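Structure, as structure tokens:
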There are 2 protein chains.
Amino acid sequence: MILNHMVEFQAPHLDAVFHALSDPTRRAMLHRLTDGQRSVSELATPFNMSLAGASKHIKVLEGAGLVRRHVQGRTHMCQLEAARLAEAQEWLRTYERFWTSRLEDLEEILREEDRATAQAAGKLPEKPSTPENTSRRQK
Amino acid sequence: MILNHMVEFQAPHLDAVFHALSDPTRRAMLHRLTDGQRSVSELATPFNMSLAGASKHIKVLEGAGLVRRHVQGRTHMCQLEAARLAEAQEWLRTYERFWTSRLEDLEEILREEDRATAQAAGKLPEKPSTPENTSRRQK
DNA sequence: AATTTAGTCAACCATATGGTTGAATATTAT
DNA sequence: ATAATATTCAACCATATGGTTGACTAAATT
């Protein structure tokens, strides 16, 4: 529970990171940066888009902390900054158990039966499942 | 290179998945589903939001394939569907090497030096770095 | 049969997003 | 000094997003 809190709230970047990743142009840009630094115009060229448009995308990536920029003269060099990607992966790791093992399916089924019985036992409470009262079976 | 293509293009869900994950309400909803199925109103209650609003969020999650819905009578039961999360994690895995090992930093530095020399050697080509001509040092 | 409950739908609103163009800024090359 | 290059900025546009409310549909309860 405490860990969940940490994952959910100790990473206040997730909104920005996931949003940045939701655009294919930006994902492609990140991917090109795995090969090394690229200037803004280098990053822009493969895309059928104005330089200003590409520049905006880069700013989104920068804002999400996925790219760092070093200005050298008139060219802005962009570099992949992976830390926030690690945070995103960490968030996803919480859900790994839902695809890694069929054992988890069984666990899930048991939980379901549990719920079903509880529901059959009586009326649903008025606030049936706030985070506070669903800790019945904590991890 | 072929693998990169696969990661980038064989997962056409990434836009929708990452977009779905970019909203804290939706992430919280997913999280609550790790504890078992929830009806739409159960999912909605913890949030200071109209039922219709929450319903929209759930539809976004459904659209991204992160939630499945079984209608039983008048209640719609929502269930976590993790496969697409696995795809997202798979995409992120491509970047793991950028945070897992300091060895990669060295590799990166070497690549940088390589680039710098190439640049010093002559003018930058007109299309300096299309995906085709940056395969100089392939993975 | 009447009412409550669960949920969607449609219309609306403010703001965000992804894109454009044209002008502005600063650096480098001639 | 002039021109070219690299990039941002500001204004604009269409569409998407996250939210609301009120009306509607369908199922369960009384």
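Chain naming here is simple, since letters A, B, ... match the order of the sequence lines and numbering starts at 1 in each. In this text the structure is predicted, and so the values were computed from the model without any measurement. All values below come from the heavy atoms of this structure, side chains included, with hydrogens, waters and symmetry mates left out.
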**Request:** Verify the contact: side-chain N or O of A:Ser50 to OP1 or OP2 of C:dG19, cut-off strictly under 4.0 Å; return yes or no.
**Result:** no
**Prompt:** Could you state the CZ-C1' distance from A:Phe47 to C:dG18, rounded to the nearest angstrom?
**Reply:** 14 Å
**Atom pair distance, as rounded to whole Å: NE2 in B:His57 and C1' in D:dG18** = 6 Å
**Asked** Looking at D:dC9, D:dG18, C:dG18, which one has an atom nearest to any side-chain atom of A:Arg26?
**Response** C:dG18
**Upstream residue (5' side of DNA chain C) when A:Met49 and B:Ala52 are each assigned their closest nucleotide** = B:Ala52
**Prompt:** Can you tell me if the side-chain N/O atoms of B:His76 get under 4.0 Å from OP1 or OP2 in C:dT8?
**Reply:** yes
**Prompt:** Going by the angle between their ring planes, with limits at 30° and 60°, are A:Phe18 and B:Phe18 parallel, tilted or perpendicular?
**Reply:** parallel
**Request:** Have a look at B:Lys56 and say if it touches a base, only the backbone sugar-phosphate, or nothing, with a 4.0 Å heavy-atom cut-off.
**Result:** base
**Item:** Intermediate values then yes/no, side chain to side chain contact (heavy atoms under 4.5 Å, CB included), A:Leu21 and B:Val17
**Value:** CA-CA 9 Å; A:Leu21 296 183; B:Val17 169; over 6 Å; no
**Request:** Please state how far atom CG in A:Leu61 lies from atom C1' in C:dG18, giving the value in whole angstrom units.
**Result:** 13 Å
**Asked** Can you tell me how far C1' of C:dT20 sits from CG of A:Leu51, to the nearest Å?
**Response** 13 Å
**Prompt:** What's the spacing between A:Leu80 CG and A:Arg68 CZ if we round to 0.5 Å?
**Reply:** 9.5 Å
**Item:** Residue mapping more 5' on DNA chain C - nearest nucleotide basis, A:Val60 or A:Gly73
**Value:** A:Val60
**Request:** Measure the CZ-CH2 distance between A:Arg84 and B:Trp99 for me, rounded to the nearest 0.5 Å.
**Result:** 13.5 Å
**Prompt:** What is the distance, rounded to the nearest whole Å, between atom CZ of A:Phe18 and atom C1' of D:dG18?
**Reply:** 19 Å
**Request:** Using whole Å, report how far CD of A:Gln72 lies from C1' of D:dA6.
**Result:** 12 Å
**Asked** In whole angstrom, what separates A:Arg74's CZ from D:dA3's P?
**Response** 16 Å
**Item:** B:Gln89 and A:Gln89: side chain donor to acceptor below 3.5 Å
**Value:** no
**Asked** Rounding to a whole Å, what distance do you find between B:Asp23:CG and C:dA16:C1'?
**Response** 13 Å
